[in-house]
Each structure stands twice: as C-alpha cells, then as structure tokens.
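Here is the structure we will look at, set down as structure tokens.
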Amino acid sequence: MKTLKVRLGSNSYPIFIGDQQWNKLPELLKLYAAPNHIIIITDRQVARLYLEPFSDALSKAGFAVKSITVEAGEGAKSLGVYEDIITKMLQYGAARDWGVVALGGGVIGDLAGFVAATFMRGLPFYQVPTTLLAQVDASIGGKVGINHPMGKNLIGAFYQPKLVFIDMHFLRSLPEAEIISGMAEIVKHGIIADRGLFLLCEMEMKRLLAIETEPIQQAVFQSCQIKARIVEEDEKEAGIRAILNYGHTIGHALEAASGYRALRHGEAVFWGMLAEAWISHAIGELPEAEFQRLERFFAQIPLKAALDGIDMDEVFSLMSYDKKKKAGKIRFALPVTVGETRLFDDISEDLLRQALSYIQSRPWLS
Ligand SMILES: NC(=O)c1ccc[n+]([C@@H]2O[C@H](COP(=O)([O-])OP(=O)(O)OC[C@H]3O[C@@H](n4cnc5c(N)ncnc54)[C@H](O)[C@@H]3O)[C@@H](O)[C@H]2O)c1
Ligand SMILES: [Zn+2]
C-alpha cells in the first residue's frame, strides 16, 4: 500500500492507496484514533455493492456502526437530503464523539463531508472514495458542500478529512463513463503539473482504462500527489489552486449547455482541455509540437458524446456567468508546456470563439 500526506498544519492527513486492501481500513481508523461510533453515509448503488461487507468489517473490529443510504446521483446534494440525514443521525443518538465515513463517489464525499462539518459544529470525517473522480479529485482538499436550486456547490465549507482511503478494487464495478470522468482529472493533473504522469497516460491509456493494478495505482498516486501539493500551497483557493481549473472554464460551460445530460463532466473537461490548449497555442505560449502532441492524445480518448448538438453561442454566453470570472474578465489556467500551467486574464472573446469552433470541427476526424 502506498501512502501520501497532505500537509496542512494541524489539519494534515494521510492518503492510503492500494488494491484489494480495504480490509485494512478498520486498523487504520484505530491507528488514527477514530471514534468508536461510526456512521457510514453512502448511496443506494454503492450500498448494494459494498455496504454490507464494509460495515461488517468495521463491526468485527469493534466499531459501533450505523449507516444512512441516500438515492444515487447529484440530487442527493440537496438541503432536503441534508436535513433528512441530520434527522436520522439525531434519531440514532449521534453525538460529538461520533465519526462520519463517506463511502461513495464525489456526491457522497461532498454531502457526507458537509454533514460532518456541520453536525454539532463538526465530527471527524473519513473519506472512502469509490469512483475514480472522487479518488483523484473530490476526496482530497476539503471542499465539501451541497447544491442550491440556484446553483451547484453554493452551500459548503472547507473541511478536511482525517484520512482518505483509496482502493482500486472499487473501480472495477464502475461503468466506463465514470472511468472516463475520473481519467479526465488524472490527465488534467499531468498536463498542469506532472509531465511524467502525462507520459504515463499517453503510453498506458488502454491499461489505465482497464484498471490494471500497476498503472492505475501509479496514476492515482501521482494524481493525488499533485492535488495534495496544490491544496497545501493554497488551501482556501486564494491563488494557485485555480490552476486546477484547467479544462473546466470551457468544460463547465459545455456541460451546462448540454443540459448536464448529453455531456458528462469528464467528457466536457476533455473537450475543455483541448480548447484551452488551443488558446494557449494561439497566444504563443504552448509550443506547436506540444500542442500537436496533446491533439493526438485527446483524439484517442474514447469520448462518446459528440459536440454537434451543442450551441456554441450558448456556451459562450454561459461562460460570462462562470464563477471563475474575475473583475469582468474570464481567468484561464493554460498549460505553457505539458507539466506547467499559468493563469491568464487577458484572453479575447474572439479567441474564445475560435477555440470553440476548433473543438466543434475536430480537425483530426477530417
Ligand atoms: N469536493 C471537491 O473538491 C470536488 C471535486 C470534483 C467534483 N466534486 C463533486 O463530485 C460529484 C461528482 O462525483 P462522481 O463523479 O464521483 O459522482 P457520483 O458520486 O454521483 O458517482 C457516480 C455514480 O457512480 C456510482 N458509483 C459510485 N461508486 C461506484 C462503484 N465503485 N461501482 C459502481 N458504481 C459506483 C454512484 O452510485 C453514482 O451513480 C459532483 O457533485 C461534484 O460537484 C467535488
Ligand atoms: Zn472536474
């Protein structure tokens, strides 16, 4: 099992990464002084696959375990579900000496983390991410929260977990679309800050998508390391953490323009990364050879959804509402080479429109 540390002073925590190791979780929880009373928050889909063996293992190790299962999907990140969970916890007699384990994808991590952050002013929180996206992105960094009808993640907090436990085993029951979703964030971490990780993606994409132990564990490890280093430098997203938005400035708008249906988050981010790499090349930052290399790489990702049905004028206007817009200008995190990214505030509307028509025309298909 590999270990990483997120160093945030008194909020520091370890990340454990392994394959078929989740029977080790109870002893690790004890090692990190977890409370005896544990409440597992999960969703119906994950519960069906993993809840029973998971909670049995904790019970056998002497923990007093309760669980709460919510419907799967983004809808669970709502005030209504949040209130239901709090009510259930109170009925169970939960108190300040209980701990919360999130067993699930990013939705469960964000929701359970927000419950942990706010229930009686805070309970210790443990992340057991079961999607690739949650393993390499959402479970690290302490952003927790729920949605409001007026927008995503509008209610939330920075609340770091006490421990993150990542097992490749969970990934083998994930549908391919969910694997692609997480892979987008791995590729992103490579392009923004770790050339070696990008090379691994370039050479081993087939084996990564097939969740072969050695390459996937290595990619997840390096990916978590990048996210951890960036979070350490900028816990509350006052500056450098914004480079994690590479591919997301355009990606979020594409996702929204598709009505959050046709395009999944990861697919939208793949297209966003390509468009933003195009912009970086167009302003003379990303060298020609690097851009072509990225273009070749993105062309081999098995993206299902086409961009044909998406109205690029809508994407364009949605971007002016993106919360990454600063002082009237849209801020872009652009790779200046594979492995290094800088922030740019002065990208013209014209370039942005050209980048959108570039991805829509997908030159390598012609
Ligand atoms: N906090 C952060 O920093 C951060 C970062 C990125 C994304 N997010 C949030 O993460 C959420 C998306 O996360 P996600 O993509 O993991 O979605 P998700 O949690 O909805 O999981 C996707 C689907 O996979 C199912 N699933 C989970 N684990 C499984 C497994 N092992 N086998 C089979 N099915 C499984 C779930 O039931 C769900 O239906 C969004 O709400 C987003 O806002 C948060
Ligand atoms: Zn993302």
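One-based numbering, in listed order, for ligands and for the atoms of each.
Counting non-hydrogen atoms of neighbouring residues, nucleotides and ligands closer than 6.0 angstrom, the CD atom of Glu288 exceeds 12 such neighbours. Within a 6.0 Å sphere centred on CD of Glu212, heavy atoms belonging to other residues, nucleotides or ligands number more than 12. No more than 12 heavy atoms of other residues, nucleotides or ligands shown are found within 6.0 angstrom of CD on Glu349. Environment of CE in Met1: crowded, with over 12 heavy atoms of neighbouring residues, nucleotides or ligands closer than 6.0 Å.
In summary, the atoms of ligand 1 found under 4.0 Å from a heavy atom of Lys143, numbered by their order in the structure, are 1 (N), 2 (C), 3 (O). Less than 4.0 angstrom separates some heavy atom of Ser173 from each of these atoms of ligand 1: 30 (C), 31 (N), 32 (N), 33 (C). For ligand 1, the atoms lying closer than 4.0 Å to a non-hydrogen atom of Lys227 are 3 (O). Within ligand 1, counting atoms from 1 as listed, the ones closer than 4.0 Å to a heavy atom of Ala72 are 37 (O), 39 (O). Close contacts of ligand 1 with Asp137, meaning ligand atoms under 4.0 Å from a residue heavy atom, involve 5 (C), 6 (C). Taking a cut-off of under 4.0 Å to the non-hydrogen atoms of Asp43, the atoms of ligand 1 that pass are 36 (C), 37 (O). Distances below 4.0 Å separate heavy atoms of Glu74 from the following atoms of ligand 1: 40 (C), 41 (O). Residue-ligand proximity, Tyr50 to ligand 1, at heavy-atom distances under 4.0 Å covers atoms 31 (N).
Across the listed options Ile108, Thr130, Val231, Ile140, Thr130 owns the non-hydrogen atom lying nearest to atom 28 (N) of ligand 1. Comparing Gly145, Gly182, Gly106 by heavy-atom distance to atom 14 (P) of ligand 1, the nearest is Gly106. Among Thr42, Val107, Val70, the residue whose heavy atom lies closest to atom 20 (O) of ligand 1 is Val107. For atom 12 (C) of ligand 1, the candidate residues are Asp110, Leu133, Asp167, Leu132; the nearest heavy-atom contact is made by Leu133.
Taken to the nearest 0.5 Å, the CG atom of Asp110 stands 7.5 Å off from the NZ atom of Lys152. Atoms CZ and CD, on Arg241 and Glu235 in that order, are 8.0 Å from each other to the nearest 0.5 Å.
Under a 4.0 Å heavy-atom criterion, Arg44 is not in contact with ligand 1.
Of all the heavy atoms of Glu178, the ones lying under 4.0 Å from any atom of ligand 1 belong exclusively to the side chain. No part of His265 comes within 4.0 Å of ligand 1, judged by heavy-atom distances. Counting heavy atoms closer than 4.0 Å to ligand 1, residue Leu49 contributes side-chain atoms (C-beta onward) but none from N, CA, C or O. Counting heavy atoms closer than 4.0 Å to ligand 1, residue Leu171 contributes nothing at all.
Looking only at N/O/S atoms, Glu185 comes nearest to the Zn ion (ligand 2) through OE2. Looking at His265, its N, O or S atom nearest to the Zn ion (ligand 2) turns out to be NE2.
Aromatic ring pairs are classed by plane angle as parallel below 30°, tilted from 30° to 60° and perpendicular above 60°; the pair Phe125 and Tyr159 is parallel. In this structure, Tyr82 and Phe114 have tilted ring planes: the angle between them lies in the 30° to 60° band. Ring pair Trp98/His37 is parallel by interplanar angle, where below 30° counts as parallel and above 60° as perpendicular.
Ile330 is connected to Trp271 through a chain of hydrophobic side-chain contacts under 4.5 Å among Ile, Leu, Val, Met, Phe, Trp and Tyr, so both are in one cluster.
Closest to atom 29 (C) of ligand 1, if we only count protein heavy atoms, is Leu174 CD2, 3.5 Å. If you check which protein heavy atom lies closest to atom 21 (O) of ligand 1, you get Thr131 CG2, 3.6 Å. The protein non-hydrogen atom at the shortest distance from atom 25 (C) of ligand 1 is Gln45 CG, 3.9 Å.
Checking only distances, Phe170 does come within under 3.5 Å of ligand 1, N or O to N or O. Of the N or O atoms in Val46, none lie within a sub-3.5 Å distance of an N or O in ligand 1.
Considering every non-hydrogen atom in both Ala268 and Leu254, the closest pair reads O-CD1, 3.8 Å.
Put simply, Asp137 stays out of reach of the Zn ion (ligand 2), with no N, O or S atom under 2.8 Å from it.
Checked by atom type and distance alone, the side chain of His189 pairs as donor or acceptor with a backbone atom of Glu185 at under 3.5 Å. With hydrogens and angles ignored, the 3.5 Å screen pairs no side-chain donor or acceptor of Thr130 with any backbone N or O of Phe170.
A cation-pi geometry, defined here as NZ or CZ lying under 6.0 Å from the six-membered ring centre and within 45° of its normal, holds between Lys66 and Tyr92.
The aromatic ring centres of Phe297 and Phe198 sit less than 6.0 Å apart.
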